[in-house]
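Structure record follows, encoded as structure tokens.
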Amino acid sequence: MRHLMSPLDFTVEELDKLLDLANDIEKNPQKYAHACEGKKIATLFYEPSTRTRLSFEAAMLNLGGSVLGFSSADSSSAAKGESVSDTIRIVSCYADICAMRHPKEGAPLVASLKSSIPVINAGDGGHQHPTQTLTDLLTIRSLKGRLGNLTIGLCGDLKFGRTVHSLIHALVRYPNVRFVLISPEELRIPDYIRDDVLVRNNQSFREVIRLEDALPELDLLYMTRVQKERFFNEEDYVRMKDFYILDKAKMELARPDMLVLHPLPRVNEISVEVDDDPRAVYFKQVQYGVYVRMALILTLLEVEVC
Ligand code: CP
């Protein structure tokens, strides 16, 4: 039995196979419509979510399976003090696979140690968000045709943004990827990512503060929101929240084929006037999230579709 805690849980070859499967699902959805009949996914969300929870549920329903779960800690027995270890032992009796989001780093890993069903980390605190990374990789590969030979700008809250941490972990394994890390001083990438992932892998990267300075050289811009829920005080959040706003004028500095991705939700960091620009692909990215979660469920449940 396999769990998914980090994008590194899959080798590059396994990732390629998973993304190929997701592309086949996109082309032939009917072929997979009954693949998980009789199977259930439990979505255990101790933190708010729109995309991740609903896309897991849509993925399982698209595969002919069923869904159960809770969407907040308050509506589960966590409110009475139940541990994730006990909860997963219970849920293992009800479902075949589960996706867990939790505000504490490592909570899905703790659950996986007591689980008799595959556990998927659907976001743990400011740590990792591997299924967002699978979504991002599928989007990039499908729309750019490759995962190597790219200059990628990561912009916004690089300190608390778990999607950025997971994406860097995944992309350092591809050749000739150059990162431009665009953030205010207070929201720089954490040392454990800079030193243990980027420096250790001899990765080409530079840190800049002004988005305008980076835009002309990028193949891809990955925008992120400032993570309000991880700030210790409101004042710091208010000071940081509108530090970057991508608008039409800034898009003119970018290459005609630069893609704009965002894990969403968006707050103010991308002006709605950018949505109609063909380079803005963040809503397409959401659709890829369903295909790749379908592929992940099939892979972890070891369901073969001929
Ligand atoms: N991208 C993402 O994780 O969105 P949700 O918080 O809505 O799940």
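Quick note: numbers below take in every heavy atom, side chains included, and nothing from hydrogens, waters or symmetry partners. Order of listing sets the numbers, starting from 1, for every ligand and every atom in it.
- Looking only at distances, a side-chain donor or acceptor of Ser49 sits under 3.5 Å from a matching main-chain atom of Arg53.
- Using a 4.0 Å heavy-atom criterion, the residues that approach ligand 1 are Ser49, Thr50, Arg51, Thr52, Arg101, His129, Gln132, Pro263, Leu264.
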Stepwise, does the side chain to side chain contact (heavy atoms under 4.5 Å, CB included) test hold for Leu63 with Val303?
-> CA-CA 11 Å; Leu63 293 166; Val303 175; over 6 Å; no
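- Under 4.0 Å is where a charged nitrogen must lie from a carboxylate oxygen, and between Asp275 and Arg266 at least one such pair does.
- In summary, Lys114 and Asp86 do not engage in a salt bridge, as defined by a charged side-chain N under 4.0 Å from a carboxylate O.
- Annotation: side chain to side chain donor-acceptor pair (under 3.5 Å) contacts of Lys80 (sequence neighbours excluded): Ser77.
- Salt-bridge annotation for Arg188 and Glu185: present, with a side-chain N of the basic residue lying under 4.0 Å from a carboxylate O of the acidic one.
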